[in-house]
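By convention here, the first residue in the shown sequence is residue 1.
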Amino acid sequence: MNRSQDCLALTMKDAAKLVGVDYRTIKLGIESGTIPTVELGPRLMIPRAALLRVFGVRA
């Protein structure tokens, strides 16, 4: 089962796989403020819906 299809928050690696870009693209988007994140404990996660909006992908 692909976790990125079911999870509401994704790791940078899973986010990159979901939208078909390199991990570094996600990291740069986070650093520039283009891709929003939330902190869940010690982890920085990316809301799935927001990521798809940024990349223009319809859910």
A.B. asks: When rounded to the nearest 0.5 angstrom, what is the spacing between CG in Leu18 and CG in Leu52?
C.D. replies: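 If we round to the nearest 0.5 Å, Leu18:CG and Leu52:CG are 5.5 Å apart.
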A.B. asks: Who else is in Met45's hydrophobic cluster (ILVMFWY, side-chain heavy atoms under 4.5 Å, direct or via others)?
C.D. replies: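 For the cluster that includes Met45, the remaining residues are Val38, Leu40.
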A.B. asks: Taking all heavy atoms of Met12 and all of Tyr23, pick out the closest pair and write down the distance.
C.D. replies: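 Heavy-atom minimum between the residues: CB-CE1, 3.4 Å.
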A.B. asks: Hey, is CD on Glu39 packed in by over 12 heavy atoms from elsewhere, all under 6.0 Å?
C.D. replies: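 Atom CD in Glu39 is not crowded, with 12 or fewer foreign heavy atoms closer than 6.0 Å.
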A.B. asks: Which pair of heavy atoms, one from Val54 and one from Pro36, lies closest together, and at what distance?
C.D. replies: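 Heavy atoms of Val54 and Pro36 come nearest at CG2-CD, 4.2 Å.
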A.B. asks: Testing the basics here: between Ala15 and Ile46, what is the closest heavy-atom pair and its distance to 0.1 Å?
C.D. replies: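 That closest heavy-atom pairing would be CB-CD1, 3.7 Å.
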A.B. asks: Answer yes or no: is there a side-chain heavy-atom contact under 4.5 Å between Ile26 and Ile30?
C.D. replies: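 Yes, side chains in contact.
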A.B. asks: Can any side-chain N or O of Thr25 pair as donor or acceptor with the backbone N or O of Val21 at less than 3.5 Å?
C.D. replies: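 No, Thr25 side chain to Val21 backbone: no donor-acceptor pair under 3.5 Å.
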A.B. asks: Identify the heavy atoms of Thr37 and Pro47 that sit nearest to each other, and give their distance.
C.D. replies: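 Where Thr37 meets Pro47 most closely, the heavy atoms are CA-CD, 4.1 Å.
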A.B. asks: Answer yes or no: is there a side-chain heavy-atom contact under 4.5 Å between Lys13 and Lys17?
C.D. replies: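 When only atoms from C-beta onward are counted, Lys17 and Lys13 do touch, with a gap below 4.5 Å.
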